[in-house]
Structures are given as C-alpha cells and as structure tokens.
Amino acid sequence: MSWKSSQTGSVRSLDRSNRLLQQAQNMIPECSQTNSKGPTQWVQGVAPTHLERGKGSHVWDVDGNEYVDYPMALGPIILGHNYPAVTNAVEQQLRDGTMFSMPHPLQLAVAEQLIDVVPCAEMVRFGKNGSDVTTLAAKLARAYTGREIIATQGYHGWPDVWMGQTSLDRGIPDVVGDLTESFEYNDIESLEQIFTAHPGDVAAIVTTPVNLAEPEDDFVQRMREIADREGAVLIFDEILTGFRFAVGGAQEYFGVTPDVACFAKGMANGFPISAVAGRRDVMQTIEADDVFYSMTYAGDALSLAAANACLSVIREENVTDHIFEQGQTLQRGYNDLAAAYGLDHRTECVGYPPRFSAQFSDETGKPDRLAKSLFMQECLERGVLFSGNHLLSYSHTDSDIDHTLDVYETAMETVADAIDADDIDDRLDGEPIGATLRQRTGEDG
Ligand SMILES: Cc1ncc(COP(=O)(O)O)c(C=O)c1O
C-alpha cells in the first residue's frame, strides 16, 4: 500500500515501513529500543517506521524516501551521518580488531582529549550509554560524601535512581525513589527545600545545566554555591550539551565548573560511548575497594576510535560555530513564520540554537499534539524529518535550511488554515502523536 497525501495528492510509498512495523509489533515490545524513536512519537501511517541509511544531514527510509534529518538520532550525530573522518577511523580499527582482553591504548588518547577540553575533567571513565555514566556519577557522589539523597532536575536515563520518583516508576521499589528528590530548573527555592528537608544528607545536585528556558538569576552559578556551602557534589549531565554548546560543554558556555560531568551524545558521532569526567579526588573514589563500576563493552576499540576522530574534528574545525549559526537561522525563521501566519501564540521554537524544540499549545496553553501532528505530516510529506526536536549537525548546509524553511512555511500555512477552519482532525491522514517522554515525566510542556 502506498501513502497518498490528502493535502497534496502526492504518493510516497511506505510499504516496507508498514510491513516492518507489523513485524515489530509481534516481536518487540514498543517496537523500538528508544522511547523517542518508537511509532507513537510519529504520525502513524504517514511517517516512515524504520530508517536505514544516512549521509551528512540526510537520511533514507526503508522505502527509499529521502529526508533532511533534524532529530539526528536524538543528538549523537553531531558531524553528520557517515562522516568521513569518523568512518575512516572506525574502518581502520575494524581491521585490527574490535575488543581485547586488556585496555586498548586509544582509551588514553580519548581521555587526554576530554581532559584537554572539559574544564572539570581531571580523570575520566567510559561507559556505553548516557545512563551508565549518570548512574555512576550518582553512585560516586554517594560514596564520596557518605550521604544518600540525590537532588535531581532533568532527565538522566532509565535506571531506577532517576525514574523512581517520576510517574514512570512501575517496577521500582519505593525505597529507591524515596532517596531521589526532584527540583525545578530556575527555581532555586525548590533546591534549597531539599537541603532543608534532608540536613547533611544530600550527596549530589544533578542537573542538565542547559534547559529549553535560559537560566534566570544566576541559577547555574547558584547551584555551584549551594553545593559548595553544603558539601554536596555538583554533577552536570552534559549528555546533550557536551561538545555542542561549546567544545568544553555547557560548563564552558556558562563559565561554571561542576565537580563531575557526564557525556555521551556528540562524543563519537553516533558510536556508543559515554564518559564521566571529574575532579581527581571524586573520581578516585572508584578505586576504593567497595565501589564497583565495570562492564564488558565499555572501552571497545571501535567506539574509542570514533570518539578520538570525532573529538579531533570538533576541536580543529568550527563545528560548534556552524551548529550555532545554522540553528539560529532555522529557529528565527520558524518563529518569524509563526508570527507571519498569526500562530505565534500557538507554536514556538524554544531553546538555544544548538538544541531547540518546536512546541505547540492550544488556546489554554496545554500541549497541542493535533496541531503538531499536522505540522509533522506536512513536513514528512515534503522530505523534512520533523519531530519538533532540532539538533543540527556540522553537515547541515544553507540549502538544507532554505529548503526546510520553505517546507515550514507550507506547513505553517496549512496549520493556520486548519485552526481557522477547526478541522485539523479531517486533514490528518494518520494517528496523531502520543505524549513525549519529557511530557510524560512532566518536564517539558
Ligand atoms: C540529558 C540526558 N541525560 C541522560 C540521557 C540518557 O542517555 P541514554 O539514553 O544514552 O542512556 C539522555 C538521553 O536522552 C539525556 O538526554
């Protein structure tokens, strides 16, 4: 079955996509290994379900349809898909072997690069996922301080320590969630309250230093001051911001140095590697007899080769400037279009140029998934992989941005017409999107 747009009449085959989704429904709970990549995050029946190839800023679905990519695998693809310097480094290493029974010397090269560029980094350990290293950071803080409570803001991965106090806590014993306390970004009082409620027992402040909203009243600096005053470990989760906001991450961007920071996305252009980097005395806690952190696949030679090549490109070329500039053009262009079509009270790209999110709200200010679904549909149909999340890469060209803004203009016009006519439902050719993970945990609007 081919997919025919009710809006443009164009025909785009999604046959193989739809077949693969059916197979996945039978074999893979949620049909995806990553929440934000699953079918509920896309307009089902209109969006492809599986992507199989990428080059630079473009990807191809399993039916051969081409798209300009903006989620970029949720952030890891910082240079572009199949970026030559990284692909070549990995191909060369592949011929020499992938994993060994002792560390590969590339672990030193990558550690050295991180220590050179990341302000807080005196020692480094690697993992495979962001969750590995955020969880290690929390464990380290507890071991280092001898305290139990973790004060946290933002998403830090799927482990119990992070999800136990959210609404997605099934399968997690209450006792785990009880040891994690949430505070709000830009609400210093909500952080202070945790210290008041647990005097002398807060091990760490864990934060995503850059959120969609800009910090107010020196919020980032004040977290540093509270950690110092209370003897807690300040942990920056830089999994999304590392190497993207500045080569040295958000800590360089804001000029506030944490005790420990976690990195993953953007470190190896999509190869699975993550890192904890931090102050020597905190990091050395790992060497204490009874703190255990070990996994078979961390430190594999392929991911280290990819990280070494990727970090070199980021340091030697103007990657972060390019991402900022292209992001700024696209973000401003989107917001100007929203104003031009009288939708600026209904949709806005919020965040910073290297990471921004197109948000849609109804008249009451609640997330408007129908309007977003229609916008998404119009974009997909015209070759733009729009999820709302924009994580630009070094490979996004001026012509990508121009083309995307043309498509956004058409989509904006359609959404404006549909809101006027009150017929979004009728114009949707598929199932509207479900709530995002951040909406489900109450983080983003
Ligand atoms: C800020 C942040 N921290 C932690 C994580 C978890 O990383 P992973 O999914 O690799 O375990 C993510 C993933 O999206 C993230 O964005």
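Positions are given from 1 along the sequence. Whatever order the structure lists ligands and atoms in, that order sets their numbers, starting from 1.
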Separation of Arg16 CZ from Glu52 CD (nearest 0.5 Å): 5.0 Å
Option of least heavy-atom distance to atom 13 (C) of ligand 1 (set: Lys265, Arg355, His156): Lys265
Tyr297 OH: over 12 foreign heavy atoms closer than 6.0 Å: no
Met412/Thr347 under side chain to side chain contact (heavy atoms under 4.5 Å, CB included): CA gap, chis, key distance, verdict: CA-CA 9 Å; Met412 203 68 83; Thr347 182; 4.0 Å; yes
Asp237 N/O to ligand 1 N/O under 3.5 Å: yes
Region of Trp158 engaging ligand 1 - heavy atom pairs below 4.0 Å: neither
Separation between CD of Glu325 and CG of Asp321, rounded to the nearest 0.5 Å: 6.0 Å
Exam field: side chain Ser357 to backbone Gln359, donor-acceptor pair closer than 3.5 Å: no
Heavy atom of Thr208, distance to ligand 1 below 4.0 Å: yes
Shortest protein contact, atom 16 (O) of ligand 1 (heavy atom only): Arg438 NH2, 3.4 Å
Sidechain-backbone polar pair: Glu148 side chain, Val202 backbone, donor-acceptor under 3.5 Å: no
Numbering as shown, the atoms of ligand 1 that approach Asn129 to under 4.0 Å (heavy-atom distance): 10 (O), 11 (O)
Per-atom contacts of ligand 1 with Ser131, taking only distances under 4.0 Å to non-hydrogen atoms: 6 (C), 7 (O), 8 (P), 11 (O)
Protein heavy atom at shortest distance from atom 15 (C) of ligand 1: Ile239 CG2, 3.7 Å
Nitrogen or oxygen atoms of Leu240 and ligand 1 under 3.5 Å apart: no
Contact atoms of ligand 1, heavy-atom distance to Gly157 under 4.0 Å: 4 (C), 6 (C)
Aromatic contact, Tyr408 with Phe386 (centres under 6.0 Å): yes
Side-chain (Tyr185) to main-chain (Pro209) donor-acceptor, under 3.5 angstrom: yes
Contacting atoms of ligand 1, where contact means under 4.0 angstrom from a heavy atom of Gly130: 7 (O), 8 (P), 10 (O), 11 (O)
